[in-house]
Amino acid sequence: MTIPTEYLALHRTCYANHGVSMESVACGCFNCITVFNGRDIKNTKTEKYGVHTALCPNCGNNTVLPGVEDKEILKSMNLYFLTPINQKQ
């Protein structure tokens with residue numbers, strides 16, 4: 001399965017995104033498929049070089065996409081990046 005270019009670009013935004021996520025009115029999590037206000041983010045993961053990645057306030061995963069509130073996009077991202085290869089159709 002080939003991952004569309006736009007999803008690869010979106011996936012890059014879930015790393016080192018704490019500042020941008022906190023400023024976003026809407027963020028989406030492609031792990032638990034929820035949409036929330038960026039101000040609801042309370043936890044981060046410190047990555048290499050000291051950058052901070054936002055963690056979803058619902059599931060705690062580092063799969064937060066700033067500015068994404070379309071659940072169909074979140075579901076597609078989940079399929080491409082989190083579903084085991086043997087379960088993909």
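Along the sequence shown, residues are numbered consecutively beginning with 1.
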request  = Identify the heavy atoms of K42 and R39 that sit nearest to each other, and give their distance.
outcome  = NZ-O, 3.1 Å
ask   = Between atom OG1 of T83 and atom CE of M77, what is the distance when rounded to the nearest 0.5 Å?
value = 11.5 Å
message = What's the separation between atom OG1 in T63 and atom CD1 in I33, rounded to the nearest 0.5 Å?
response = 8.0 Å
key: Between T34 and N58, a side-chain donor and acceptor under 3.5 Å   = yes
note = Heavy atoms of C27 and I41 approach each other most closely as SG-CD1, 4.5 Å
ask   = How many angstroms lie between CG in N31 and CG in N61, if you round to the nearest 0.5 Å?
value = 4.0 Å
message = Using modelled atom types and a 3.5 Å cut-off, is there a donor and acceptor pairing between side-chain atoms of N17 and backbone atoms of T13?
response = yes
query = Side-chain heavy atoms under 4.5 angstrom apart, residues restricted to Ile, Leu, Val, Met, Phe, Trp, Tyr: same cluster for L74 and L8?
reply = yes
ask   = According to the interplanar angle, ranging from 0 to 90°, do the rings of H18 and H52 count as parallel (below 30°), tilted (30 to 60°) or perpendicular (above 60°)?
value = perpendicular
query = Does L82 share a hydrophobic cluster with I73, counting links as ILVMFWY side-chain heavy atoms below 4.5 Å and allowing steps through other members?
reply = yes
task = Determine whether K45 and E47 make a side-chain contact, defined as any pair of heavy atoms from C-beta on separated by less than 4.5 Å.
result = yes
remark   = Here the gap from R12 atom CZ to L65 atom CG, rounded to the nearest 0.5 Å, amounts to 12.5 Å
query = For the side chain to side chain contact (heavy atoms under 4.5 Å, CB included) test, which of C59, C14, S21 pairs with V64?
reply = S21
key: Donor-acceptor contact present, side-chain N78 to main-chain F30, <3.5 Å   = yes
key: Minimum-distance pair of heavy atoms, taken over all atoms of V35 and A26   = CG1-CB, 4.3 Å
Closest contact, heavy atoms only, P4 versus Y80 = CD-CZ, 3.5 Å
query = Honestly curious: do L10 and I3 fall in one hydrophobic cluster under the side-chain, below-4.5 Å linking rule?
reply = yes
